[in-house]
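Please read the structure below before turning to the comments.
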Amino acid sequence: MAKTAQEVLQMIRDQNIEVVDLKFVDMLGTWQHCTYASELIDEDTFTMGMPFDGSSIRGWKAINDSDMLKCADPGTAWIDPFMSTPTLSLICTIKEPRTGNLYARCPRAIAQRALDYLYSTGIGDVAFFGPEAEFFLFDDVRFDQKEHEGFYHVDSSEGRWNTGKKEEGGNLGYKPRYKEGYFPVPPIDSQQDIRTEMLLTMGKLGVPIEKHHHEVATGGQNELGIKFDKLIQSGDNLMTYKYVVKNVARKWGKTATFMPKPLFNDNGSGMHTHQSIWKDGQPLFAGDKYAGLSQLALWYIGGLLKHAPAILAFTNPTTNSYKRLVPGFEAPVNLAYSQGNRSASIRIPLSGANPKAKRLEFRCPDAMANPYLAFSVMFMAGLDGIKNQIDPGEPLDKNIYELTPAELAQVPSTPGSLEDALAALEKDHEFLLAGGVFSEDFIENWIAWKLDNEINPMRLRPHPYEFSLYYDG
């Protein structure tokens, strides 16, 4: 893979690249792009940047101050496997055109400032993140919302609800039972070849790949495993992951969604996120405390637990996210830590005697999160825990479903809605301002956007289930 601007330019010449696609992530976590003739790409593309109008990008600049620059990162170069014309892809960070400074609302720039802050503290020099993003593959999706009607419909040949359906060639009946989709072999798992193509395609694009498998829910829930990486690179990897999943799915005549809860009454899709800090080539989370953790790691956990309600405003950023975070579907709704309890929000995975594998897993996030923001927010909370030596309390190793009501009442839980998470963020965001990583402007803009464009519009619209509840009242 190319590492320098000169290597990228040589790659363009050697592989007869005709166009170069410059991608950047918007505030909400969607890739945007513009494609340029290859002869327009030179060393300035990686330093000075390419100008563009930012006024139409969600949550960014006003039309009277819309000039922006996208600066390509040469380490992100790969040839797009989905384009018929030889196309080189590059991921960009956004700068201000008049000052050359990183744009304060650019998520990738925020991730860079989080790393700069880590260096300034002297705590460590590398932050590793390993996301586990789950998704559904459907064969058909239809939805609409008008003044007089509103509906959604998703379907999958794997859906257990289709055992009685007449299908072309006959219904063969191999459809995962509800909550029993985890690890069955084909023919029950009908999406083996699709996932293999997704995984190997990502590997060819430089994403460090591990495994793939069917997930718990019926109806085509899946997961591809990728290795952990440094904070910004892990964000790049996850954006590539989603791009590949969606485009390979389309190639197979399917549609992929990372929506946390597209199906009622079965497991939703999360993004368990492994994380650790290293310094001078040594892991800092391994020690002689609980589950083989260091005291520093326990303080990091203390920061995550203390700030979790505010964190979820970024890691679980949709109204649909909180339909996943409910008891009974392996959802991590309890703000506690444990070495084995998967309903706790923080789990300490088994790592054997290898200190380099010692890490913690924050299980709340979902893949609707902007990865650069989600990783940075979790990281800043953990650093706050280390700086202030926040005690995480005792671990929760009991079966949560066997706790008495009195015991369960002592365990804090995740916010019940996006609105609750935003309210928590409004009250608790000082930890994000440390080192100038986030700004008051960014946080205010995030809260306002979510209220105006997601929460309030949802309030205004009748829900189909309300007709079942109230029409004949």
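Counting from 1, the numbers follow the sequence of the chain as shown.
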State plainly whether the residues [X] and [Y] are in salt-bridge range, i.e. N to O under 4.0 Å.
X      : Y      : value
Glu7   : Lys3   : no
Asp140 : Arg142 : yes
Asp366 : Lys261 : no
Asp144 : Lys146 : yes
Arg347 : Glu361 : yes
Arg13  : Glu39  : no
Glu223 : Arg195 : no

(message) Tell me which pairs pass salt bridge (Lys or Arg N to Asp or Glu O under 4.0 Å) where either residue lies in residues 109-136, with sequence neighbours left out.
(response)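 For residues 109-136, and leaving out neighbouring residues, there are no salt bridge (Lys or Arg N to Asp or Glu O under 4.0 Å) pairs at all.
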Residue pair [X] / [Y], side-chain donor-acceptor N/O under 3.5 Å:
X      : Y      : result
Trp252 : Gln191 : no
Ser345 : Arg363 : no
Asn320 : Thr318 : no
Arg250 : Asn247 : no
Asp21  : His33  : yes

Establish, yes or no, whether a centroid distance under 6.0 Å links the rings of [X] and [Y].
X      : Y      : result
Trp31  : Phe24  : no
Phe143 : Phe151 : no
Phe438 : Phe442 : yes
Tyr103 : Trp60  : yes
Tyr182 : His213 : yes

Short side-chain to backbone donor-acceptor contact, [X] and [Y], under 3.5 Å:
X      : Y      : result
Lys242 : Ala367 : yes
Thr93  : Arg108 : no
Thr218 : Pro176 : yes
Arg105 : Gly59  : yes
Tyr241 : Leu224 : yes
Thr121 : Leu118 : yes
Asn370 : Met27  : yes
Ser120 : Tyr117 : yes
Trp449 : Glu454 : no

(request) Give every residue pair that meets the side chain to side chain donor-acceptor pair (under 3.5 Å) criterion with at least one member in residues 422-437, sequence neighbours excluded. (result)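 Residue pairs passing side chain to side chain donor-acceptor pair (under 3.5 Å), neighbours aside: His307-Asp428, His429-Glu440.
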(request) Enter the distance from Asp236:CG to Trp78:CH2 here, rounded to the nearest 0.5 Å. (result) 10.5 Å
Within a radius of less than 6.0 Å around [atom1] of [X], do more than 12 heavy atoms belonging to other residues, nucleotides or ligands occur?
X      : atom1 : answer
Tyr174 : OH    : no
Arg58  : CZ    : yes
Tyr152 : OH    : no
Lys306 : NZ    : no

(request) Take Ser190 and Glu158 through the test side chain to side chain donor-acceptor pair (under 3.5 Å) and record every step on the way to the result. (result) CA-CA 7 Å; Ser190 68; Glu158 278 199 355; 2.8 Å; yes
(request) Give a yes/no verdict on a cation-pi contact between Lys251 and Phe82, requiring under 6.0 Å between NZ or CZ and the six-membered ring centre and an angle within 45° of the axis. (result)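 No, Lys251 and Phe82 do not form such a contact.
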(message) Check whether Tyr243 forms a cation-pi arrangement with Lys23 (NZ or CZ under 6.0 Å from the six-membered ring centre, at most 45° off the ring normal).
(response) yes
(request) I would like to know whether Ser269 and Gln221 meet side chain to side chain donor-acceptor pair (under 3.5 Å); could you show each step before the answer? (result) CA-CA 8 Å; Ser269 295; Gln221 189 183 35; 3.1 Å; yes
For [X] and [Y], work out which heavy atoms get closest and say how close.
X      : Y      : result
Phe138 : Ser156 : CD2-CB, 4.0 Å
Leu69  : Phe52  : C-CE2, 3.9 Å
Asp26  : Pro107 : O-CG, 3.5 Å
Cys364 : Thr414 : SG-CG2, 3.9 Å

(message) Run Asn445 and Asp441 through side chain to side chain donor-acceptor pair (under 3.5 Å) and show every step you take.
(response) CA-CA 6 Å; Asn445 183 53; Asp441 168 75; 5.8 Å; no
(request) If the plane angle is over 60° it's perpendicular, under 30° parallel, otherwise tilted; pick one for Phe258 and Phe135. (result) tilted
(request) Kindly assign one of parallel, tilted or perpendicular to the pair Phe375 and Phe129, based on the angle between their ring planes and the thresholds 30° and 60°. (result) parallel
(request) For residues Ile41 and Phe46, determine if any side-chain heavy atom of one lies less than 4.5 Å from a side-chain heavy atom of the other. (result) yes
